[in-house]
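Structure record follows, encoded as structure tokens.
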Amino acid sequence: MLPESTQTLEMMMFLVTLAALVCTTAARPSLNYLENHYTAENEPEEVRSAAIKRLLEVFGMEDPPAIHGHKQPPQYMLDLYNTVADVDGVTKDPNLLEGNTVRSFFDKLRSEQVEFRFNLSTVARTEKILTAELHLFKLRPQATLTFQRHHFCQVSVYQLLDTSRSNNTRGKKLLSSRLIPVHSTGWEVFTITQAVRSWTMDEGSNMGLHVVVRTLGGSQVDMKLIRFASGRNHHQSKQPMLVLFTDDGRRSTSLESLDPNDTAPTSTLPQAPMSGPPSRSARSLDYSEEEGVSSPCQRLPLYVDFEEIGWSGWIVSPRGYNAYHCKGSCPFPLGQNMRPTNHATVQSIINALKLMKGIDTPCCVPDKLFSINLLYFDDDENVVLKQYNDMVAGSCGCH
């Protein structure tokens with residue numbers, strides 16, 4: 001567990017980075033204004049580059065992905081994002097997603113046969129493969145007369161093996177097999193985790209996948225009768241797709257709660273709305289110190305606009321999010337509405353009684369952090385859903 005001072009310092013560094021990149025309200029300076037201001041001091045590029053680099057590190061990237069133009073993300077990934085995230089990208093329930101990353105890959109082989117191959121070069125070897133799924137879109141059979149006596153068929157997915165690199169002479173290994181209705185149409189999902197784990201460990205072993213359809217009696221079926229959509233002949237919305245659920249090993253700091261739906265007692269400190277522009281009263285409270293009035297510890301808006309940062313070309317959703325920040329004084333005596341820790345209460349008393357020199361009042365800091373979800377295109381035009389912890393200040397307190 002990180003010390004409280006370390007958590008506070010990291011959060012302050014992150015907020016400083018955001019402040020250099022985004023504009024919070026119309027009453028505050030815009031990004032263009034900040035750029036022009038820095039230009040006058042002959043250091044705009046240095047400051048902006050450093051801020052962008054630091055923000056990329058927060059999102060686990062060295063460089064922003066290349067922009068390949070407007071491409072439609074798979075509907076499955078859009079639906080998954082809307083399931084785990086609200087309109088602002090904030091995680092609805094931390095337990096909905098297996099791991100913290102979901103990657104989708106389209107078939108690169110685009111073969112007339114039912115063989116598929118996926119390029120997994122963007123998956124880091126440090127990522128833990130939790131589940132791998134092959135998504136195939138089943139089309140209606142062309143010749144229904146062949147199946148007058150059969151209502152189900154057996155679909156098997158095999159991993160193709162490189163017989164020149166092993167002693168295995170069979171050439172393929174069964175990964176998944178199950179019965180599906182003959183006359184059905186729509187997506188069919190097969191678990192192929194074992195194969196993908198081997199491919200990520202040895203990229204050269206990735207010879208692809210082969211799908212075989214048989215009758216219940218074991219006879220192989222002509223694939224013209226039981227058909228799956230291919231990347232060559234069908235719309236992109238029906239293309240074969242590999243979906244990986246992984247965990248990249250990132251961990252959150254240990255604050256009170258990471259669940260935005262937590263029903264535990266929350267702070268009664270002044271709070272800004274969860275979405276939309278900050279209210280006039282919130283802006284007044286934010287700037288009241290300039291008028292010589294000390295505002296109590298509270299949560300205020302801090303909107304991160306990905307378009308202003310220059311990332312809208314590769315981020316699908318959200319277009320931005322409200323990170324919020326904590327600001328205000330923690331005067332003696334600290335009431336329970338300020339969610340003080342025992343340490344902060346003691347520090348406040350020592351400060352008020354002036355028992356020691358150099359002891360300041362407690363600080364107004366986040367005491368609850370939420371995660372956000374990002375849906376984006378990577379360098380290979382694959383769509384990735386990634387969850388980032390500790391990105392939104394859920395509430396503030398005196399610590």
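Atoms considered below: every heavy atom in the structure, side chains included; atoms not considered: hydrogens, waters and symmetry mates.
- Ser219 contributes no side-chain N or O that, together with a main-chain N or O of Thr215, makes up a donor-acceptor pair within less than 3.5 Å.
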Please determine whether side chain to side chain contact (heavy atoms under 4.5 Å, CB included) holds for the pair Val316 and Leu78, giving the CA-CA distance in whole Å, both sets of side-chain angles, and the decisive distance to 0.1 Å.
CA-CA 9 Å; Val316 179; Leu78 291 172; 4.1 Å; yes

Are Leu209 and Leu134 close enough, and set up right, to give a side chain to side chain contact (heavy atoms under 4.5 Å, CB included), and what steps lead you there?
CA-CA 9 Å; Leu209 302 167; Leu134 174 65; 4.1 Å; yes

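- Looking at Asn373 and Val84, their side chains come closer than 4.5 Å, going by heavy atoms from C-beta outward.
- Taking CZ from Phe105 and CE from Met241, the interatomic distance works out to 11.0 Å, rounded to the nearest 0.5 Å.
- Across all non-hydrogen atoms, the minimal contact from Ile309 to Arg48 is O-NH2, 3.0 Å.
- When side chains are defined from C-beta on, Ser177 counts as touching Gln154, because their heavy atoms get closer than 4.5 Å.
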Check against side chain to side chain donor-acceptor pair (under 3.5 Å), Glu203 and Ser121:
CA-CA 8 Å; Glu203 189 175 345; Ser121 59; 5.2 Å; no

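- Sorted by first and then second residue, the pairs that involve residues 375-386 and meet salt bridge (charged side-chain N to carboxylate O under 4.0 Å, His left out), not counting sequence neighbours, are Asp248-Lys386.
- Minimum interatomic distance between Leu136 and Pro240 (heavy atoms only, all atoms of both residues): CD2-CB, 3.9 Å.
- Phe377 and Phe106 end up in the same hydrophobic cluster when Ile, Leu, Val, Met, Phe, Trp and Tyr side chains are linked at under 4.5 Å.
- Of the possible donor and acceptor atoms, one in the side chain of Ser205 sits under 3.5 Å from a partner among the backbone N and O of Asp202.
- For Tyr76, the ring-ring contact (aromatic ring centres under 6.0 Å, His included) criterion is met by His135, not counting sequence neighbours.
- Residues Pro64 and Leu56 come closest through the heavy atom pair CD-CD1, 3.5 Å.
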For residues 347-362, which side-chain donor-acceptor pairs fall under 3.5 Å, sequence neighbours excluded?
from   : atom 1 : to     : atom 2 : distance (Å)
Gln347 : NE2    : Asp360 : O      : 2.8
Asn351 : ND2    : Ile359 : O      : 2.6

Walk me through it: do Cys398 and Cys330 pass the test disulfide (SG to SG under 2.5 Å)?
CA-CA 6 Å; Cys398 293; Cys330 295; 2.1 Å; yes

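- Hydrophobic clustering of Ile, Leu, Val, Met, Phe, Trp and Tyr side chains at less than 4.5 Å, counting indirect connections, keeps Met77 apart from Leu374.
- Taken from CG in Leu96 to NZ in Lys92, the straight-line distance is 8.0 Å, to the nearest 0.5 Å.
- Contact check for Ser237 versus Gln75: no side-chain heavy atoms found under the 4.5 Å cut-off.
- Note on Val123: it clusters hydrophobically with Ile192, by side-chain heavy-atom contacts below 4.5 Å among ILVMFWY residues.
- Between Ser198 and Gln159, the closest heavy-atom pair is OG-NE2, 3.3 Å.
- Side-chain heavy-atom separations under 4.5 angstrom define the hydrophobic clusters, and the remaining members of the one that includes Leu160 are Met207.
- Arg117 contributes no side-chain N or O that, together with a main-chain N or O of Asp107, makes up a donor-acceptor pair within less than 3.5 Å.
- Here the side chains of Tyr321 and Val90 are not in contact, with every heavy-atom distance at 4.5 Å or above.
- A donor-acceptor pair under 3.5 Å links the side-chain atoms of Asn322 to the main chain of Leu302, judged by distance alone.
- Linking Ile, Leu, Val, Met, Phe, Trp and Tyr residues whenever their side-chain heavy atoms come within less than 4.5 Å leaves Trp199 and Val102 in two separate clusters.
- With sequence neighbours left out, Trp311 forms a ring-ring contact (aromatic ring centres under 6.0 Å, His included) with Phe59, Trp314.
- Of all heavy-atom pairs spanning Tyr81 and Leu385, the tightest one is CD1-CD1, 3.7 Å.
- For the atom pair Lys238 NZ and Phe137 CZ, the distance stands at 4.5 Å (nearest 0.5 Å).
- No donor-acceptor pair closer than 3.5 Å links the side chain of Asn389 to the backbone N or O of Ser371.
- Taking CD1 from Ile129 and CG from Asp247, the interatomic distance works out to 10.5 Å, rounded to the nearest 0.5 Å.
- Other residues, nucleotides and ligands contribute more than 12 heavy atoms inside 6.0 Å of the CG atom of Asp79.
- To the nearest 0.5 Å, atoms CZ (Arg339) and NZ (Lys368) are separated by 5.5 Å.
- A donor-acceptor contact shorter than 3.5 Å links the side chain of His325 to the backbone of Pro301.
- By the ring-ring contact (aromatic ring centres under 6.0 Å, His included) test, Phe190 pairs with no residue at all, sequence neighbours left out.
- In the hydrophobic clustering of this structure, Leu375 does not group with Tyr388; members are Ile, Leu, Val, Met, Phe, Trp, Tyr whose side-chain heavy atoms approach within less than 4.5 Å, directly or through other members.
- Residues that satisfy the salt bridge (Lys or Arg N to Asp or Glu O under 4.0 Å) test with Glu133, not counting sequence neighbours, are absent from this structure.
- Applying the side-chain hydrogen bond (donor to acceptor under 3.5 Å, both in side chains) criterion to Thr131, with sequence neighbours excluded, gives Glu98.
- Between Ala132 and Val196, the shortest heavy-atom distance links the atoms CB-CG2, 3.5 Å.
- Side chains of Val58 and Met391 form a contact here, defined as non-hydrogen atoms less than 4.5 Å apart.
- Evaluation of the salt bridge (Lys or Arg N to Asp or Glu O under 4.0 Å) rule for Arg178 yields Glu188 as partners, not counting sequence neighbours.
- Residues satisfying the salt bridge (Lys or Arg N to Asp or Glu O under 4.0 Å) test with Lys138, not counting sequence neighbours, are none.
- In this structure, the side chain of Thr341 engages the main chain of Ala344 through a donor-acceptor pair within 3.5 Å.
- Ion pairing of Glu62 with Lys53 is absent here, as no side-chain N (NZ or NE/NH1/NH2) approaches a carboxylate O to less than 4.0 Å.
- Although no hydrogens or angles enter the test, the distance criterion places no donor-acceptor pair under 3.5 Å between the side chain of Arg214 and the main chain of Val155.
- In this structure the side chain of Pro181 never reaches within 4.5 angstrom of the side chain of His151, judged on heavy atoms.
- Looking at residues two or more places apart in sequence or on another chain, you find no side-chain hydrogen bond (donor to acceptor under 3.5 Å, both in side chains) involving Asn82.
- A donor-acceptor distance shorter than 3.5 angstrom exists from the side chain of Ser104 to the backbone of Val383, with no hydrogens or angles considered.
- The ring-ring contact (aromatic ring centres under 6.0 Å, His included) test applied to Phe245 returns no partner, not counting sequence neighbours.
- Disulfide criterion (SG-SG under 2.5 Å) for Cys364 and Cys396: not met.
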From CA spacing to verdict: side chain to side chain contact (heavy atoms under 4.5 Å, CB included), Lys173, Leu161:
CA-CA 7 Å; Lys173 180 172 67 173; Leu161 304 175; 4.3 Å; yes

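- Of the possible donor and acceptor atoms, none in the side chain of Arg319 sits under 3.5 Å from a partner among the backbone N and O of Glu307.
- To the nearest 0.5 Å, the span separating CG on Leu120 from CG on Leu242 amounts to 6.0 Å.
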